Amino acid sequence: MTQNIERLRDAMTEKGLPALLVSQIDNVQWATGFTGSNGFLLITPTDERFITDGRYTLQAEKQLAGVRVESYNSGVDGNKFIAQNAIDMGVSQIGFESDATTYSSYEKLKSSFNGVQLTPVEGLITPLRAVKTPEELDKIRRACKLADACFEHVKRMVQPGISEYDIGLEIEFYFRRNGAQLAFAPIVVSGERSASPHGRASEKKLEKGDFLTLDLGANLDDYCSDITRTVVVGEASDRHREIYGACLRSQLAALDAMKPGVLAKDIDRISREAMGDYAQYFTHGLGHGLGRVVHDAGRMNSTSDTVLEPNQVWTVEPGIYIPGFGGVRIEDDVIVTANGIDNLTGATKDLLI
Ligand code: GLY
Ligand code: MN
Ligand code: MN
């Protein structure tokens with residue numbers, strides 16, 4: 001039994017939910033530690049079962065010690081199999097994840113769960129996922145260390161003439177050589193291209209006077225990191241320094257304001273205020289939760305009523321993107337602590353030239 005199953009059970013009890021079918025695979029993996037691609041968790045106040053297909057029987061039995069695993073073979077209707085297991089568990093009413101179920105999946109569930117009342121459930125798991133367990137924090141810390149090391153490694157390659165592709169490839173090699181996967185395709189954008197927050201690496205070669213933004217993250221042991229630094233290729237002009245300075249001011253103000261009890265939207269506002277006139281070029285939210293997936297539960301933007309709590313992990317990533325010139329983003333990964341934050345990102349924020 002995992003700690004996250006217990007936390008989910010407590011949340012169900014609080015809401016008076018007699019049973020829940022967890023079907024969204026990231027949520028299933030979060031609750032159980034299963035790493036395969038097909039799995040479902042049936043959970044009641046006193047019991048739970050894990051359902052998967054024959055490809056994953058042995059793996060699930062190994063990864064879910066103490067949880068009963070039932071698997072179906074090819075040719076068996078998965079929905080009917082899940083429903084039958086729920087009925088065997090004595091379930092007559094069950095919640096399903098309405099925010100992660102397509103209309104056609106719902107129709108199939110409905111016809112399989114004949115005689116069982118299906119109740120839509122939304123937003124039950126997200127706030128739980130946002131607050132990490134000590135084991136999860138440990139894994140995220142390790143993924144962050146690897147991202148820092150990768151940045152140290154690739155920044156040495158930065159010089160006029162080298163292509164964005166080459167840098168992107170080196171980031172990937174570095175992570176893979178160190179036993180990790182990419183948390184996402186690295187963003188390597190230079191010159192005018194750096195004004196695109198999520199541009200991909202291209203064959204463009206670095207030139208003197210370019211801003212170069214590197215956004216990279218590892219997925220190590222199923223947990224992610226996500227950091228960004230912008231450097232200048234060759235000499236930095238006053239304009240480079242001014243834009244970089246505004247972005248850094250914004251990030252430091254946000255980091256400084258983060259502590260339990262504060263609303264995510266207030267941190268977002270503080271970051272924009274600290275940017276001054278450049279805030280008009282800050283076109284995305286300030287950050288997001290980080291965990292099993294790079295955009296994990298939680299958003300830090302102008303409308304987010306999420307309250308900061310200890311052991312949430314956030315990215316803090318203001319950016320300034322000036323069309324026709326270029327852009328800057330500075331992204332750190334932080335844990336909310338009892339009275340502030342623990343910044344997991346060590347890469348320097350001095351403007352590297
Ligand atoms: N690397 C994607 C992001 O920063 O959200
Ligand atoms: Mn990023
Ligand atoms: Mn990010």
Side-chain angles (χ1 to χ4, degrees), residues 26 126 129-130 132 139-141 143-155 164 167-172 174-175 180-190 193-202 211-220 223-231 244 247-248 250-252 254-255 258 264-265 267-268 271-272 281-304 306 308 312-321 326-336 341 343-349:
D26 290 327
T126 304
R129 261 181 69 170
K132 271 62 183 178
K139 289 182 178 181
I140 294 169
R141 274 181 202 283
C144 288
K145 279 209 166 67
L146 192 56
D148 274 349
C150 181
F151 178 72
E152 278 303 308
H153 174 74
V154 296
K155 83 180 187 201
E164 294 172 357
I167 295 175
L169 198 55
E170 190 61 28
I171 292 168
E172 181 159 357
Y174 188 88
F175 284 145
Q181 309 285 326
L182 292 173
F184 53 90
I187 296 168
V188 182
V189 283
S190 63
R193 300 187 75 252
S194 62
S196 294
H198 272 193
R200 291 283 165 86
S202 76
F211 266 139
L212 165 66
T213 293
L214 301 174
D215 183 346
L216 52 94
N219 181 328
L220 181 63
Y223 281 79
C224 296
S225 51
D226 177 16
I227 69 169
T228 307
R229 289 293 183 265
T230 298
V231 303
Y244 190 87
C247 189
L248 182 57
S250 162
Q251 204 223 23
L252 295 177
L255 294 171
M258 290 179 75
K265 66 182 176 193
I267 306 295
D268 181 276
S271 74
R272 283 166 215 278
Y281 300 111
F282 178 10
T283 48
H284 52 73
L286 177 63
H288 51 84
L290 182 68
R292 295 192 71 87
V293 290
V294 66
H295 294 141
D296 207 67
R299 293 289 175 269
M300 193 141 57
N301 58 33
S302 62
T303 59
S304 173
T306 300
L308 267 57
Q312 291 171 341
V313 180
W314 293 97
T315 70
V316 182
E317 49 177 309
I320 296 174
Y321 310 98
V328 172
R329 181 166 62 258
I330 306 172
E331 177 175 29
D332 287 353
D333 304 333
V334 308
I335 302 174
V336 180
I341 53 161
N343 195 329
L344 305 182
T345 303
T348 182
K349 289 181 226 181

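Just so you know, these numbers come straight off a predicted model, no measurement behind them. Just so you know, ligand 1 is whichever comes first in the structure, and atom 1 is the first atom listed for that ligand.
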Students should be able to answer this: which protein heavy-atom is nearest to [atom], and at what distance?
atom                   : result
atom 4 (O) of ligand 1 : E317 OE1, 3.0 Å
atom 3 (C) of ligand 1 : D226 OD2, 3.4 Å
atom 2 (C) of ligand 1 : H198 NE2, 3.4 Å

So, T213 and S194: side-chain donor and acceptor under 3.5 Å apart, yes or no? no

When you check the side-chain N and O atoms of N343 and D332, is any donor under 3.5 Å from an acceptor? yes

Is a side-chain donor or acceptor of Q251 paired with a backbone partner of E317 at a separation under 3.5 angstrom? no

Taking the Mn ion (ligand 3) as the apex, OE2 on E317 and OE2 on E331 give an angle, to 10°, of 80°

Notebook entry, point to check: Does R329, backbone or side chain, put an N or O under 3.5 Å from an N or O of ligand 1?
Noted result: no

Practice task
Could you say whether the N/O atoms of T228 and ligand 1 ever approach to under 3.5 Å?
Solution key: no

Which of the ligand 1 atoms, numbered from 1, are nearer than 4.0 Å to a heavy atom of [X]:
X    : value
F184 : 1 (N)
E331 : 4 (O)
H295 : 2 (C), 3 (C), 5 (O)

Item checked: Contact check, side chains of H288 and M300, non-hydrogen atoms, under 4.5 Å -> no

Original post:
Any side-chain heavy-atom pair from D296 and R129 closer than 4.5 angstrom?
Top reply: yes

Mind telling me whether H284 and Y321 have parallel, tilted or perpendicular rings, with 30° and 60° as the class edges?
tilted

The Mn ion (ligand 2) has as its nearest N, O or S atom from D226 the atom OD1

Is H295 close enough to the Mn ion (ligand 3) to have an N, O or S atom under 2.8 Å?
no

On a heavy-atom basis, the closest approach of D215 and T228 is CG-OG1, 3.0 Å

Closest non-hydrogen atoms of C224 and V294, given as atom of the first, atom of the second and distance, are SG-N, 3.9 Å

Decide whether the shortest distance between a heavy atom of D215 and an atom of ligand 1 is less than 4.0 Å. yes

